[in-house]
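The next block holds one structure in the form of structure tokens; read it before the comments.
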Number of protein chains: 2
Amino acid sequence: MSDQNQASLRKDTKRRQIVLAAFKLFTENGFYATGVDLIMRQSQVSKRTMYIYFPTKNDLIVAVLEFYRAGYENKLNAVLTRQDLSSREKILVIFDDAKNGFANGHFHGCLAVNAMGEFAGKDPAIETACRVFKTWELSIFEELTKELPVRHPQDLAFKLLVLIEGLGAIAQVMKQPCPIDLDQMVNALIDEHY
Amino acid sequence: MSDQNQASLRKDTKRRQIVLAAFKLFTENGFYATGVDLIMRQSQVSKRTMYIYFPTKNDLIVAVLEFYRAGYENKLNAVLTRQDLSSREKILVIFDDAKNGFANGHFHGCLAVNAMGEFAGKDPAIETACRVFKTWELSIFEELTKELPVRHPQDLAFKLLVLIEGLGAIAQVMKQPCPIDLDQMVNALIDEHY
DNA sequence: CCGCAAGTAAACAATTTGGTTTACTTATTT
DNA sequence: AAATAAGTAAACCAAATTGTTTACTTGCGG
């Protein structure tokens, strides 16, 4: 391993500390409400260092949104590759996993949606990061529905995205367990496209 | 009309000005990002007056959320009582109306969801106002599904709420026209409960 | 062992925030 | 015409905001 790699490893460590602390604080307390001073204290990093990696707070927010997406991707990969599942089963597993995430009471909604609520029309880079997140989410469903013998798999994927999004938003506000049978609803949605 | 009524009419005018300006600014720029000074300038009201009606900014936010709900209620009443519609048609009209609202490109998402994103775990009164909004939304669907000869009308109402919520969240982030046939999807959702 | 990149701590600047207070001006009603 | 409720304009406050800068320390590689 070359010096440069070691150096960038050190850099990445600090960067990671910052992004991780910021991610936690942003999800729990919101973006505007979280000051950079607190982030720097929680991440054990000096302000100078912070502003070397992230010249502005919004740069950090963009990085956090990408971190959020990557984390979700890893989680999905872990869940989906665990067993040998059919495409339909994979879709059901995604919803089952989401339902669990929504139910724990400390769920704070989709970070990309929250960011959009605070920065829509104000910071194009953040808006883009939010859109990238949702586009990626949609592509996950599209990959799966296209493996299914259904008509209009893209439409089906969009419906699934709508469903998971709606469940998340309601969970965020209501903090009540979801009263409906998700498996049944998802299966019905899929069956309709056969 | 007594003095007191006239007086409270004047009061209500100022109050309304404040709430209306705040509503606009909050929806367009977010809650934390909108300062009270701007609100007071836009509403043509002195700061003193503002703080007589709303001792804290959060009090104003709660009032704005209720204003938002009442406005939605009026809009729905106007749309639903215009013609003699069946319950199923009324549900379809709600989604049609929502789709139009989401499509105009200046849609900023559900204000209650956005507020939850910024104030969850911080201000109980605001949290309650958000939950009241969603509970009311659900009750609208429940009223309609209960007039339908379906099994489990409450579950159906919840599914419809999930659907409209998901469409809103996606519209807020993606700013693309909804690619799916909503009438078909809603009808399928209802038919499944027959 | 020296030099350099990476990092720290803390002071500093400029602005903005929510909120208070004071002195003054309208209107309306009786 | 006088009393009163409602409102205004603006100064003021303490705290917090993002962002900059300075002087100092650490640790690793050639």
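Letters go in sequence order (proteins before strands), and every chain restarts at 1.
- A sub-4.0 Å separation between OP1 or OP2 of D:dT8 and a side-chain N or O of B:Thr49 is present.
- The distance from atom CE of B:Met50 to atom P of C:dG19 is 9 Å, rounded to the nearest whole Å.
- Listed nucleotides: D:dT18, C:dA9, C:dG19. Nearest to the side chain of A:Ser46: C:dA9.
- Following rounding to the nearest Å, A:Ile18 (CD1) and C:dG7 (P) show an atom-to-atom distance of 8 Å.
- Checking side-chain atoms of B:Glu127 against main-chain N and O of B:Gly121 turns up a donor-acceptor pair under 3.5 Å.
- Nucleic acid contact for A:Gln17: none, since no nucleic acid atom lies under 4.0 Å from a heavy atom of the residue.
- Whole-Å rounding puts the B:Leu60 CG to C:dT17 P distance at 15 Å.
- As a whole-Å value, the separation of B:Asp37 CG from D:dA9 P is 13 Å.
- Under 4.0 Å is where a charged nitrogen must lie from a carboxylate oxygen, and between A:Asp191 and A:Arg88 at least one such pair does.
- Under 4.0 angstrom from either OP1 or OP2 of C:dG7 there lies at least one side-chain N or O belonging to A:Tyr53.
- Under the 30°/60° scheme for interplanar angles, the aromatic rings of B:Phe107 and B:Phe102 are found to be tilted.
- One interatomic measurement links the two molecules: CZ of B:Phe31 to C1' of C:dT17, which rounds to 18 Å at whole-angstrom precision.
- Atom CZ of A:Arg41 is separated from atom C1' of C:dA9 by 13 Å (rounded to the nearest Å).
- As a whole-Å value, the separation of A:Tyr51 OH from D:dT17 P is 11 Å.
- Distance, B:Lys14 NZ to D:dA9 C1': 13 Å, rounded to whole Å.
- For A:Arg48, the listed nucleotide lying nearest its side chain is D:dT21; candidates were D:dT8, D:dT20, D:dT21.
- Ring geometry for B:Tyr32 against B:Phe119 counts as parallel: the plane angle stays under 30°, on a 0 to 90° scale with 60° as the upper cut.
- In this structure, the side chain of B:Thr145 engages the main chain of B:Pro153 through a donor-acceptor pair within 3.5 Å.
- Looking at B:Lys47, its side chain comes within 3.5 Å of the base of C:dG19 through a donor and an acceptor atom.
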